[in-house]
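Contents: one structure, followed by commentary.
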Amino acid sequence: MSSKRFRQVAMSLPGVIEGSHRGHADFRVGKRIFATLGYPDREWGMVKLSAEQQSVLVEAEPDIFRPVPGGWGRQGATNVRLAAADPATLRSALTLAWRKIAPKSLLEAHEI
């Protein structure tokens with residue numbers, strides 16, 4: 001998986017715009033970020049999940065997912081090792097993160 005593919009999948013979700021946060025590309029719905037690229041380096045992405053979702057993904061795919069170190073990680077911020085992620089797993093993780101922050105009206109309109 002490449003950063004280009006991560007970007008394509010993130011941008012394919014409804015209402016997503018790309019921005020920048022602390023020098024990293026980010027993906028948001030409105031003003032709320034659900035994913036970033038390049039953290040902690042260009043080999044990684046990050047998705048904002050619930051702590052429970054994070055636990056499930058890290059346990060199921062430890063070569064792909066790991067909690068972000070520190071407080072953000074305890075709140076569900078999850079690193080994605082780009083080289084290890086397959087398209088279906090990446091789409092699933094990005095969709096979970098998108099659903100966590102998308103407004104109800106957008107969720108109902110797109111049923112993702």
Side-chain angles (χ1 to χ4, degrees):
M1 183 63 53
S2 66
S3 60
K4 180 180 177 181
R5 183 69 178 138
F6 185 103
R7 178 177 276 109
Q8 288 171 337
V9 174
M11 293 298 294
S12 73
L13 295 166
V16 174
I17 58 170
E18 183 173 343
S20 181
H21 181 73
R22 298 187 178 199
H24 305 286
D26 69 38
F27 304 93
R28 52 181 84 205
V29 176
K31 294 182 179 181
R32 298 186 67 199
I33 296 170
F34 70 95
T36 64
L37 268 172
Y39 180 80
D41 61 42
R42 67 186 196 149
E43 304 299 319
W44 295 88
M46 186 280 302
V47 291
K48 286 186 178 178
L49 305 172
S50 70
E52 183 179 329
Q53 291 168 331
Q54 178 191 70
S55 178
V56 169
L57 289 181
V58 169
E59 185 175 324
E61 300 282 358
D63 292 337
I64 300 172
F65 300 104
R66 70 176 187 193
V68 168
W72 286 106
R74 288 189 295 277
Q75 295 178 27
T78 307
N79 281 133
V80 181
R81 185 184 314 269
L82 298 177
D86 61 86
T89 302
L90 177 64
R91 175 167 289 286
S92 177
L94 282 165
T95 301
L96 285 171
W98 175 85
R99 287 184 63 77
K100 187 172 184 279
I101 62 106
K104 186 176 180 179
S105 60
L106 199 56
L107 292 169
E108 290 172 349
H110 294 281
E111 296 184 30
I112 292 178

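All values below come from the heavy atoms of this structure, side chains included, with hydrogens, waters and symmetry mates left out. The residues of the chain are indexed from 1 along the displayed sequence.
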Are [X] and [Y] grouped together when hydrophobic residues (ILVMFWY) are joined by side-chain heavy atoms under 4.5 angstrom apart?
X: Val80; Y: Tyr39; result: no
X: Met11; Y: Ile33; result: no
X: Leu94; Y: Ile64; result: yes

Closest non-hydrogen atom pair, [X] against [Y]:
X: Arg5; Y: Pro87; result: NH2-CB, 4.5 Å
X: Ala93; Y: Leu57; result: CB-CD1, 4.2 Å
X: Glu18; Y: Ala25; result: OE2-CB, 3.5 Å
X: Pro67; Y: Val58; result: CD-CG2, 3.8 Å

Could you list the donor-acceptor pairs under 3.5 angstrom formed by side chains in residues 43-50, with sequence neighbours left out?
residue	atom	partner	partner atom	Å
Ser50	OG	Gln53	N	3.0
Ser50	OG	Gln53	OE1	3.3

To the nearest 0.5 Å, tell me how far [X] [atom1] sits from [Y] [atom2].
X: Thr78; Y: Leu96; atom1: OG1; atom2: CG; answer: 10.0 Å
X: Arg81; Y: Arg66; atom1: CZ; atom2: CZ; answer: 6.5 Å
X: Ile101; Y: Leu107; atom1: CD1; atom2: CG; answer: 9.0 Å
X: Lys100; Y: Arg32; atom1: NZ; atom2: CZ; answer: 7.0 Å
X: Gln54; Y: Asn79; atom1: CD; atom2: CG; answer: 9.5 Å
X: Arg42; Y: Ser2; atom1: CZ; atom2: OG; answer: 12.0 Å

Does any part of the side chain of [Y], heavy atoms only, come nearer than 4.5 Å to the side chain of [X], both counted from C-beta?
X: Phe34; Y: Leu13; result: yes
X: Leu37; Y: Leu82; result: yes
X: Pro14; Y: Val29; result: no

- Task: Would you please classify the geometry between the Phe6 ring and the Phe27 ring as parallel, tilted or perpendicular, with 30° and 60° separating the classes?
- Result: tilted
- Keeping the roles fixed (side chain from Arg91, backbone from Val9), state whether a donor-acceptor pair exists under 3.5 Å. no
